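Remarks on the structure that follows.
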Amino acid sequence: MTARSPNSSFATRPRNAESWIKSPDPASSGAAAADLYTARLTVDITPALRGRIKIAAFQRGVTVADMLRDLLAREFPDTDGDRS
């Protein structure tokens with residue numbers, strides 16, 4: 001097993017927001033995410049909109065996925081019993 005330097009960690013905050021925005025999204029974290037969220041939604045957006053979304057998430061200190069889940073939950077609240 002190799003030792004990890006004290007300056008590196010499993011998930012570090014990017015140093016340069018611009019390069020982070022332009023980088024591809026990493027693969028999902030695997031089984032833990034699948035246990036919590038069982039559906040995947042794909043939406044086609046422009047690169048400019050994707051960049052704005054990533055900037056907003058970075059500034060708020062959250063992941064894009066968490067920010068969009070919260071947004072969708074607010075816009076489409078659970079309405080138990082209303083199945084029309």
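Keep in mind it's a predicted model, so treat the numbers as computed, not measured.
To the nearest 0.5 Å, the span separating CE on Met67 from CD on Gln59 amounts to 10.0 Å. Between atom CG of residue Leu71 and atom CG of residue Asp66 there is a gap of 12.5 Å, rounded to the nearest 0.5 Å. Note that CD1 of Ile55 and CZ of Arg50 are 11.5 Å apart. Values are rounded to the nearest 0.5 Å.
The shortest non-hydrogen separation linking Lys54 to Val64 is CG-CG2, 3.8 Å.
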Item to complete: Show your working on side chain to side chain contact (heavy atoms under 4.5 Å, CB included) between Ile45 and Ile53 and close with a plain yes or no.
Response: CA-CA 10 Å; Ile45 59 173; Ile53 292 168; 4.0 Å; yes

